[in-house]
Amino acid sequence: MTAAQTPLLEARGLSKVFRVGGLFARNPQSVQALSDVSLSISRGETVAIVGESGCGKSTLGRCLVRLMEPTSGEILLNGTPVEALLAKNPLDFRRAAQIVFQDPYASFNPRRTIGATLNDPLRIHSGGDGSSRLSKAKHLLEQVGLPAEFLNRYPHELSGGQRQRVAIARALAPSPEFIVCDEAVSSLDVSVQAQIVNLLRDIQASTSVALLFITHNLHLARRIAHRIAVMYLGQIVEIGDADSVGNSPRHPYSRALFNAALSVRRDFTDGVHARRSEVLSGEVPNPINLPTGCRFHARCSLAEDACRIKEPELRFRSEHGVRCPVTAPVEAR
């Protein structure tokens with residue numbers, strides 16, 4: 001795939017720390033959900049974020065749309081710090097950045113019709129009279145493949161796939177530049193998943209909206225994304241072109257993750273290192289007490305003594321970044 005090269009959204013050194021134990025705990029602890037994450041997304045580009053549960057995927061997405069306040073780091077939209085945009089006019093950023101949640105039913109008011117649900121963002125961000133908003137709401141439903149009669153229905157009267165289409169329509173209502181899809185298809189049937197993915201691709205082709213596609217499904221990630229970022233314990237351990245990461249992952253964790261998808265199991269060769277198919281072993285370390293050095297070293301068959309001492313940097317070769325000096329011995333950016 002080819003995506004536009006102009007950066008739309010950029011995260012620089014993003015970190016997020018959660019306090020554990022309650023406000024009045026005598027010995028409060030903290031969990032570092034994100035650790036120095038840097039990521040850029042171009043207009044019209046889809047970046048898929050993959051990784052095990054608890055690796056920080058959803059936290060990253062929510063920080064990027066500012067549903068969560070990052071502990072440190074900077075987020076820029078079209079080169080302007082988000083803090084400045086929010087201080088000047090919060091609606092400008094809210095209009096530009098939207099999110100589609102995993103469970104659309106939980107994000108809808110069950111007492112309001114679909115028409116009322118779509119009317120709110122149109123009224124807040126677009127204005128106009130009731131007649132013009134009704135016309136726009138019908139167009140949004142048409143855009144996601146639903147008939148106008150659904151405006152009079154309630155969320156419980158729709159199937160899971162139909163509700164997710166409405167959720168996408170609601171996200172599109174302010175004409176956003178960037179949408180986070182947080183496990184947006186994981187609760188749907190396989191056939192419906194394919195329909196929603198095709199819908200998102202069609203919408204992107206017609207609007208040039210950028211997508212951050214958070215998923216556990218590696219097949220969908222390879223199908224929809226221009227680039228794939230693999231996360232482990234709050235860090236991006238590998239990022240690159242979807243075909244490159246999907247066909248020749250370089251980080252040991254990425255290889256094991258893709259091998260876990262049975263239909264794409266294989267022995268990977270990157271031209272320098274020929275490895276047997278890695279299989280994940282052991283448990284994910286406690287995020288409250290992170291290991292020293294590489295966070296993956298206790299589960300890695302390639303770990304060296306240095307991996308247990310020094311935390312590796314994200315190193316790049318031809319736009320393919322890997323946080324592992326053993327499999328990617330190139331210069332760091």
Side-chain angles (χ1 to χ4, degrees), residues 9-25 27-41 47-77 81-83 86 93 97-103 106-107 178-184 186 211-218 221 227-239 251 253-254 256-257 280 282-300 311-314 321-324:
L9 190 81
E10 185 177 4
R12 297 177 180 174
L14 211 61
S15 296
K16 178 63 179 178
V17 178
F18 292 101
R19 180 189 175 97
V20 179
L23 183 61
F24 301 104
N27 298 306
Q29 295 177 306
S30 60
V31 173
Q32 191 164 24
L34 295 178
S35 178
D36 193 26
V37 174
S38 295
L39 178 72
S40 64
I41 303 176
V47 176
I49 307 291
V50 301
E52 294 173 285
S53 296
C55 70
K57 302 187 302 296
S58 293
T59 300
L60 174 60
R62 289 170 184 243
C63 283
L64 290 178
V65 297
R66 296 310 289 267
L67 287 182
M68 287 182 179
E69 186 79 14
T71 304
S72 62
E74 187 178 33
I75 303 171
L76 297 92
L77 181 68
V82 167
E83 293 289 348
L86 291 173
F93 179 72
Q98 292 288 307
I99 187 169
V100 177
F101 296 99
Q102 177 177 354
D103 182 3
S107 65
F178 171 68
I179 299 177
V180 171
C181 298
D182 188 5
E183 297 282 2
S186 63
L211 301 175
L212 184 77
F213 192 80
I214 299 170
T215 182
H216 288 286
N217 192 317
L218 302 178
R227 288 186 294 148
I228 294 177
V230 182
M231 290 192 68
Y232 184 76
L233 281 179
Q235 293 181 329
I236 292 179
V237 297
E238 182 163 4
I239 184 170
H251 194 281
Y253 173 70
S254 303
L257 196 65
L280 280 174
E283 297 295 329
V284 178
N286 187 341
I288 296 178
N289 185 24
L290 291 171
T292 59
C294 175
R295 299 184 181 186
F296 186 64
H297 79 256
R299 307 174 71 189
C300 180
E311 183 172 274
E313 297 176 306
L314 190 62
V322 185
R323 195 181 293 273
C324 177

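Worth saying up front: this structure is predicted, and the values here are computed from it rather than measured.
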Exercise. For Leu212 and Gly61, which heavy atoms make the closest approach, and how far apart are they?
Worked result: CD2-CA, 3.9 Å
Exercise. For the atom pair CD (Glu183) and CG (Asp103), what is the distance rounded to the nearest 0.5 Å?
Worked result: 12.0 Å
Exercise. Side chains of Tyr253 and Glu238: donor-acceptor distance under 3.5 Å anywhere?
Worked result: no
Seminar exercise, completed: One should read off an interatomic distance between Leu39 CG and Arg12 CZ, to the nearest 0.5 angstrom, of 12.5 Å
Exercise. Is the shortest heavy-atom distance from the side chain of Pro81 to the side chain of Glu74 under 4.5 Å?
Worked result: yes
For this session: Please report the C-alpha distance between Glu52 and Val284 in whole Å, then the side-chain angles of each, then the deciding distance to 0.1 Å, and finally whether the side-chain contact (heavy atoms from CB on, under 4.5 Å) criterion is met.
Result: CA-CA 9 Å; Glu52 294 173 285; Val284 178; 3.8 Å; yes
Problem set entry | Rounded distance [0.5 Å steps], CZ in Arg323 versus OH in Tyr232 | 13.5 Å
Seminar exercise, completed: Separation between CD1 (Ile236) and OG (Ser38), nearest 0.5 Å, reads 7.5 Å
Seminar exercise, completed: For Asn286 and Ile288, the nearest pair of non-hydrogen atoms, with its separation, is OD1-N, 2.9 Å
For this session: Find out whether Cys294 and Gln235 are in side-chain contact, i.e. whether some heavy atom of one side chain is under 4.5 Å from a heavy atom of the other.
Result: no
Problem set entry | Flag if over 12 foreign heavy atoms under 6.0 Å of CG, Asn289 | no
Exercise. Where do Ile75 and Pro70 come nearest, in terms of heavy atoms and distance?
Worked result: CD1-CG, 4.4 Å
Problem set entry | Taking every non-hydrogen atom, the tightest pair across Gly293 and Pro312 | C-CD, 4.4 Å
Exercise. Is the shortest heavy-atom distance from the side chain of Leu14 to the side chain of Cys63 under 4.5 Å?
Worked result: yes
For this session: State which residue, out of Thr59, Val237, Leu60, Val50, fulfils the side chain to side chain contact (heavy atoms under 4.5 Å, CB included) condition with Met231.
Result: Leu60
Problem set entry | Atom pair NZ/OG of Lys16 and Ser72 - distance to nearest 0.5 Å | 10.0 Å
Exercise. Sub-3.5 Å donor-acceptor pair from the side chain of Arg227 to the main-chain atoms of Ile239, do we have one?
Worked result: no
Exercise. For Leu64 and Phe178, what are the C-alpha separation, side-chain angles and deciding distance, and is it a side-chain contact (heavy atoms from CB on, under 4.5 Å)?
Worked result: CA-CA 10 Å; Leu64 290 178; Phe178 171 68; 4.2 Å; yes
For this session: Starting at CZ of Arg62, measure out to CD1 of Ile99 and round the result to the nearest 0.5 Å.
Result: 5.5 Å
Problem set entry | His216 and Lys57: CA distance, side-chain angles, deciding distance, side-chain contact (heavy atoms from CB on, under 4.5 Å) verdict | CA-CA 10 Å; His216 288 286; Lys57 302 187 302 296; 3.4 Å; yes
For this session: Please name the pair of heavy atoms, one in Ala97 and one in Val65, separated by the smallest distance, quoted to 0.1 Å.
Result: CB-CG1, 4.1 Å
Problem set entry | Partner of Ser58 by side chain to side chain contact (heavy atoms under 4.5 Å, CB included), out of Leu67, Asp182, Ile49 | Asp182
Seminar exercise, completed: Heavy-atom nearest pair, Ala184 first then Val100, reads CB-CG1, 4.0 Å
